[in-house]
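Inspection log for the structure reproduced underneath, given as C-alpha cells.
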Amino acid sequence: MNGSQDDADGTVPAILVFGANGLLADWTPAAADLPALAGRLIAGLSADDLCAHLSAGADTGVMPTGMMPEHTVLPLAGGGMVWRFDGSPPSSNSRKTAATPMGDPAGRLFAAASHDLRQPLAALSLLIGTLDGRLGGRLGGRLDDRPDRDLLRSMAQAVESMRSMVDGHFDLVRLESGLTEPDIRTHAVNGVLMRLAMEVAPRFADRGLRFTVMPCSAIVRTDSALLERLLRGLIANTLRGMVRGRVLLGCRARGDHLRIELWDSGRGLSPQRLASLRAELAKPAGEGAGSLGLDLTLVRGLARKLGLGLEVCAEEGRGTVIAVVVPLSVDTGADATDASGREEAVTAPAPDSSTTDISRTRILVIEDDPMVLAALEALLGQWGCSVVGAESYDMAVERLGPAPEPCDLIISDLRLKGAANGIVAIRQIAKLFERPVPGMILTGDTDPKRLREARLSGYPLLHKPVAPLALRAAVVRLLGHDPL
C-alpha cells in the first residue's frame, strides 16, 4: 500500500472495508463502479456471501468469468480487513478527488471496525448502570456506599471518553478519505438542538454541570447529520475541559446566516492560546492537526466540508464561546432565539426520570450482539421491566409467538441479522400487535447516510454506548410519562 490509499494519478482506488465481524462496512465509489461489484455492494454483506454471489454470476453467465479483478487483502489492527483492487483500472464513472490520503489502513482504517468496537463499550456502559442501580439501594444495596458509586461514575465517564474517541477517529478517517459527502438540504435546526439536548444533558449532569439549550425556529441549508456530528465534537471538547459551571447552546440570526453558539463558563483562554487556537482552526486542509485535539480536528474538517465558518471568542477566567456559522434558507428566513438571553431560554437539564415508575412495562429488545443484548436485559430488568430479547426480526417474531401479547415499547439496533433492519423490524412487529407501538433505534453506526435514514424513520435515535440515564429518560418519554 506504501502508506497511501490514493493512486499515483490522484484516483481513489477501488476499496472494500470489512469489519471484525466479517461484514462489509464501507467502500469507495470506484469499488461500486467496478462491473463485477456494481449493484452487489450492501452494507452488512459478508465477504463469503459476496464471493458466492460473484461465483454464481460467473457460473450462470450473468457475469462473465474473470470479471472479478485481482485484489490485495490487508488486515486491520482492530479486526477486519481491506480489499484493494490494485490491478483494476477505474471505470468510466470513477471520480478523481483531491481528498487527503487515508494513511496506513492498519492504523487509520481500523474505523471500519468501529461498529464492532463500540459494542463492548455499549455493554460495559449498560452494565455499569446496572451495578450503580444496585448500589443505590433499589435491589438491597447500601445507600451510603458513596466511594463505590463514585468509582462506577468515573468508569462510566471513561467509557464515554473512549466512545468519543472511537467516533471521532472513525469520522475523521471517512472525512479525510473522501468517503463522507454532504447531503445539503433545507431543514429546521431545532431538531438537531433537541437531539443533542436529550443525549448530552445526562453526561453533564453526571459531572455536576448544567447544560442548557435554547430553542430556535430557524431554517438552515446544510447537511443535518454532519452538522450534528460537528456540534457533538464541540460539546465533547468542552465537556472534557469543564470542571464546574454551565454550558449553553443557542443561536443568533446574523443577516443571511445563523450563528450556532456554544458558551461555557469554564477557565477560558489566555490571549496567546486564543490566537493559537484561531490560527489552527484557520489552517488550510492537509496541514495536520497541530495542537488541536481529535474533536476539534474533526470539527475543523467537517466545517470545511460543509462550507461553514468557525469563530472563537474567549477571556481567561471567564469562559469561551465557539460559533458555527450556517447559511439560512433563503426561502423561509429565520426567527432565531438570541443566545445572549434577551429572549426566554429553555433549560434542558437531564430529565429526572430516575424516580418515574416504569416497572411492569413490557419491552421488546432486538439486538444482534449477544453481549449488548444481555446488558440491556439486565439493565431494563433492574428497572422492573419485563423484557423479551431477540437477535433478529425473525427471532423476535418467533419469541412473541402466533398470538403475541402487545409490548409497550420496542428497542432495536439499526443493523440486524437477516434481511430486516431495525426500522423495518419495528414497523412490522407493530403491525402484528395491530396497534401503534413506540419504537427507538439504538445503534453504534456512524455512517451519515444510515443515520439520516434512521432519523427520517421518525423513531428516536440513541448512539452506543448510551448512558443508562439517557436510555431511561428516552424510555420514560416514549412511554408517555414525560412530555419532554
Side-chain angles (χ1 to χ4, degrees), residues 19-21 23-26 42-45 111-126 159-160 162-171 174 180 191-192 195-196 198-200 202-203 224-226 228-229 232 236 363-377 379-380 389-393 396 409-429 438-468 470-475 477-478:
N21 56 2
L23 304 181
L24 182 62
D26 220 328
I42 302 173
L45 185 68
S114 66
H115 177 270
D116 306 297
L117 292 171
R118 202 173 282 104
Q119 298 293 70
L121 291 178
L124 183 58
S125 179
L126 296 169
V159 169
E160 171 55 32
M162 291 171 64
R163 170 257 174 101
S164 179
M165 287 188 287
V166 169
D167 281 352
H169 195 97
F170 175 73
D171 288 341
R174 292 181 58 83
T180 297
V192 172
R195 283 194 296 270
L196 289 171
M198 293 303 104
E199 181 173 342
V200 172
R203 298 175 198 154
S224 63
L226 295 183
E228 184 174 333
R229 184 64 189 95
R232 198 183 303 277
I363 299 179
L364 171 63
V365 178
I366 312 176
E367 166 61 59
D368 66 347
D369 187 288
M371 182 169 47
V372 179
L373 178 59
L376 280 168
E377 289 175 332
L379 183 61
L380 293 170
E391 296 183 3
S392 67
Y393 165 73
L409 174 65
I410 303 173
I411 300 175
S412 178
D413 194 357
L414 185 57
R415 298 188 191 184
L416 297 174
K417 296 177 180 178
N421 65 13
I423 299 170
V424 174
I426 294 174
R427 288 174 178 165
Q428 293 301 116
I429 290 173
M440 174 170 57
I441 300 294
L442 184 62
T443 181
D445 209 322
T446 59
D447 185 337
K449 292 181 180 178
R450 298 190 183 103
L451 295 182
R452 191 176 297 113
E453 177 189 1
R455 292 190 179 106
L456 290 175
S457 71
Y459 296 119
L461 178 68
L462 288 181
H463 296 272
K464 297 176 184 174
V466 60
L471 177 63
R472 186 181 177 97
V475 169
R477 289 196 305 274
L478 287 172

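Computed from a prediction, not measured in an experiment: that's the story for all the values here.
- Every side chain to side chain contact (heavy atoms under 4.5 Å, CB included) that Leu409 has, sequence neighbours left out, goes to Ile363, Ile411, Pro438, Val475, Leu478, Leu479.
- A side chain to side chain contact (heavy atoms under 4.5 Å, CB included) with Ile441 is found for one member of Asp413, Leu414, Ile410 and no other, namely Leu414.
- By the salt bridge (charged side-chain N to carboxylate O under 4.0 Å, His left out) test, Glu391 pairs with Lys417, sequence neighbours left out.
- Considering only residues two or more places apart in sequence or on other chains, Ala390 meets the side chain to side chain contact (heavy atoms under 4.5 Å, CB included) condition with Met395, Ala396.
- When all heavy atoms of Asp368 and Arg415 are compared, the pair lying nearest together is OD2-O, 3.5 Å.
- Between the CG atom of Leu462 and the CZ atom of Arg195 there is a distance of 11.5 Å, given to the nearest 0.5 Å.
- Heavy-atom minimum distance, Asn421 versus Val424: OD1-N, 2.9 Å.
- Between Leu442 and Lys464 there is a side-chain heavy-atom pair separated by less than 4.5 Å.
- Taking all atoms of both residues into account, the shortest heavy-atom contact from Pro460 to Gly439 is CD-O, 3.2 Å.
- In this structure, Tyr393 and Ile429 approach most closely via the heavy-atom pair CE1-CG1, 3.7 Å.
- Rounding to the nearest 0.5 Å gives a distance of 11.5 Å between CD of Glu377 and CG of Leu126.
- Residues Ala375 and Ala123 approach most closely at CB-O, 3.7 Å, considering heavy atoms.
- In terms of heavy atoms, Ser224 sits closest to Val192 at O-CG2, 4.1 Å.
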